[in-house]
Protein chains: 2
Amino acid sequence: MARTPARSKEATHERIVETAARAIRRSGYDGTSVADIMKEAGLTHGGFYAHFASREAMLAEAADRAGAESAAASARIAATVPPERALQSLLQAYLSKEHVKNPEIGCVVAALGSEMPRQAPEVRQAATRRIKEMIDVVARQSPDWGQPGAHEHALVTAATMVGALIMARAVDDPKLSDALLKAALKHLVPACD
Amino acid sequence: MARTPARSKEATHERIVETAARAIRRSGYDGTSVADIMKEAGLTHGGFYAHFASREAMLAEAADRAGAESAAASARIAATVPPERALQSLLQAYLSKEHVKNPEIGCVVAALGSEMPRQAPEVRQAATRRIKEMIDVVARQSPDWGQPGAHEHALVTAATMVGALIMARAVDDPKLSDALLKAALKHLVPACD
DNA sequence: CGTGCCATATGATGATTATCATATAATATC
DNA sequence: GATATTATATGATAATCATCATATGGCACG
């Protein structure tokens, strides 16, 4: 069988990108092979180059997709509560055990941050755009929005979020992992817990 | 020529670990091959298994070594200034462009943080030990040392340091990179700049 | 109902990988 | 100065990788 019916090429392309967006967050850029992704998408490895010019081009699309999903999820969370609690909800979701456990559907910066410097220019470019988006989302939900220094404050908040999540995932010790999340949450949400 | 003279086996072992400790911070765990390291250490790949049981065992030693170097460098910086300025000096060195540019001799958590969750247990164990060490270094230099909540505060400080450095390295945009470092530094050193 | 197109599969290639068996040469011992 | 020891080199193996050429079969159009 050469192809299964009723699948447009674009739909298959989307499916591969979607699969890759999860795979890179789960296994890292270097840990994600073309054959693995194609198999996970229900295809064989040979057809890959009908969809992408190279592995790197696919990684760039996947990184961009992963960033878009993260940003959309954040915006969705912020939109479901009254504005004065939006930042708090965002932080509670970001700094949760659930997020620690599920990198493949979580923040792309936390999942791939330390691998970014070594990636192809196209990949870093997509990542940079998404990082700016993430900082903007944080800035807009912050109580000091519009005031001088608010943007810098959002930079620090984002850095603390990313650092705490990465460290909470890195360590072997569940107690330390929890302590990192709790301490960061308490520090970033003054009026809570 | 089978071996160069006057080299004890331990000295060669040390040299391989030292080389690997830099290589993993430069190229990542997955980007570091046995052959590359041996060549960089001035040896051929075949002799590798006379020194290590496996590639993973070597990575664990290398990660531990990298962490020890980071901690020693931090302690050295803190020791060269009066105690009330120790934390400031530490942060200025950590959140510097120099550190952004030279991951191979810098903090192992920032260089490899997002790859840690996928590593072998021995590697994660070594990393966890070194992360605790890093948090302790920060805690001891902090003005609130001994007070309640000081340890939690150190957790947040460490998370912000790591997150800011990782993001500053990840982005493509030098202005954003600088802004991240400056904002984090200003936020963490109240009485400065 | 038949014909051609195009998305995907099959299969191959050459490079790189971790790992190991064996050969060799330099040091240490006598 | 001869011999044994041992650290390292040579070379091989099997697996995995990105990439590409070509085959095949389902779908649309005639």
Side-chain angles (χ1 to χ4, degrees), chain A residues 1-24 26-63 112 115 118-123, chain B residues 1-24 26-63 112 115 118-123:
Chain A
M1 34 230 96
R3 93 175 152 173
T4 59
R7 266 182 195 158
S8 80
K9 191 169 180 183
E10 299 128 74
T12 301
H13 185 103
E14 283 296 292
R15 197 157 38 94
I16 297 171
V17 171
E18 173 72 26
T19 303
R22 289 174 182 243
I24 56 174
R26 177 172 14 98
S27 311
Y29 289 114
D30 290 347
T32 302
S33 78
V34 168
D36 284 346
I37 289 180
M38 292 299 275
K39 184 187 280 186
E40 204 179 323
L43 300 165
T44 57
H45 67 279
F48 179 81
Y49 291 89
H51 292 282
F52 303 94
S54 68
R55 180 175 170 273
E56 283 186 352
M58 179 270 290
L59 290 180
E61 276 195 55
L112 294 162
E115 292 186 66
R118 297 187 297 274
Q119 297 312 304
E122 8 173 7
V123 179
Chain B
M1 344 120 213
R3 93 177 154 173
T4 60
R7 268 182 196 158
S8 80
K9 190 169 180 183
E10 300 129 76
T12 300
H13 185 103
E14 283 295 293
R15 197 156 39 94
I16 297 171
V17 172
E18 173 72 26
T19 302
R22 291 174 181 242
I24 55 174
R26 178 172 12 98
S27 311
Y29 288 116
D30 290 347
T32 302
S33 79
V34 168
D36 284 347
I37 289 179
M38 292 299 275
K39 184 187 280 186
E40 204 179 322
L43 300 165
T44 57
H45 68 276
F48 179 81
Y49 291 88
H51 293 281
F52 303 93
S54 67
R55 179 175 171 274
E56 283 186 351
M58 179 269 291
L59 290 179
E61 277 194 54
L112 294 163
E115 293 186 65
R118 297 187 297 273
Q119 297 313 305
E122 9 174 7
V123 178

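Values below: every heavy atom of this structure, side chains too, minus hydrogens, waters and symmetry copies. In the text below, chain A, chain B and the rest are named by the order of the sequence lines, each starting its count at 1.
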Which atom of B:A63 lies closest to which atom of B:V123, heavy atoms considered: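 Distance-wise, the nearest heavy atoms are CB-CG1, 4.2 Å.
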Between atom [atom1] in [X] and atom [atom2] in [N], what is the gap in whole Å?
{"X": "A:H51", "N": "D:dC20", "atom1": "NE2", "atom2": "P", "result": "15 Å"}
{"X": "B:E10", "N": "D:dA7", "atom1": "CD", "atom2": "C1'", "result": "12 Å"}
{"X": "B:M38", "N": "C:dT16", "atom1": "CE", "atom2": "P", "result": "19 Å"}
{"X": "A:K9", "N": "C:dA7", "atom1": "NZ", "atom2": "P", "result": "5 Å"}
{"X": "A:H13", "N": "C:dT8", "atom1": "NE2", "atom2": "P", "result": "12 Å"}
{"X": "B:D30", "N": "C:dT17", "atom1": "CG", "atom2": "P", "result": "12 Å"}
{"X": "B:K39", "N": "D:dT10", "atom1": "NZ", "atom2": "P", "result": "12 Å"}
{"X": "A:E14", "N": "C:dA7", "atom1": "CD", "atom2": "P", "result": "16 Å"}

Which residues share a side-chain contact (heavy atoms from CB on, under 4.5 Å) with B:T32, sequence neighbours left out: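 Only B:A23, B:I24, B:S27, B:I37 meet the side-chain contact (heavy atoms from CB on, under 4.5 Å) criterion with B:T32.
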Partner residues of B:T44 under the side-chain contact (heavy atoms from CB on, under 4.5 Å) criterion, sequence neighbours left out: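 Result, side-chain contact (heavy atoms from CB on, under 4.5 Å) vs B:T44: none returned.
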Side chain to side chain donor-acceptor pair (under 3.5 Å) contacts in which one or both residues fall within residues 47-63 of chain B, not counting sequence neighbours: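 Found B:H13-B:E61.
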Inter- and intrachain pairs under salt bridge (charged side-chain N to carboxylate O under 4.0 Å, His left out), touching residues 30-51 of chain B, at least two apart: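 Listed once each, the pairs are B:R26-B:E40.
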Got a list of protein N/O to nucleotides 18-22 of chain C N/O distances below 3.5 Å?
| residue | atom | partner | partner atom | Å |
| --- | --- | --- | --- | --- |
| C:dA18 | OP1 | B:V34 | N | 3.3 |
| C:dA18 | OP1 | B:R55 | NE | 3.0 |
| C:dA18 | OP2 | B:V34 | N | 3.2 |
| C:dT19 | OP2 | B:Y49 | OH | 2.1 |
| C:dT19 | OP2 | B:R55 | N | 3.1 |
| C:dT19 | O5' | B:Y49 | OH | 2.8 |

Qualifying residues under salt bridge (Lys or Arg N to Asp or Glu O under 4.0 Å), relative to A:E14, sequence neighbours excluded: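 Checked A:E14 against salt bridge (Lys or Arg N to Asp or Glu O under 4.0 Å); matches are A:R65.
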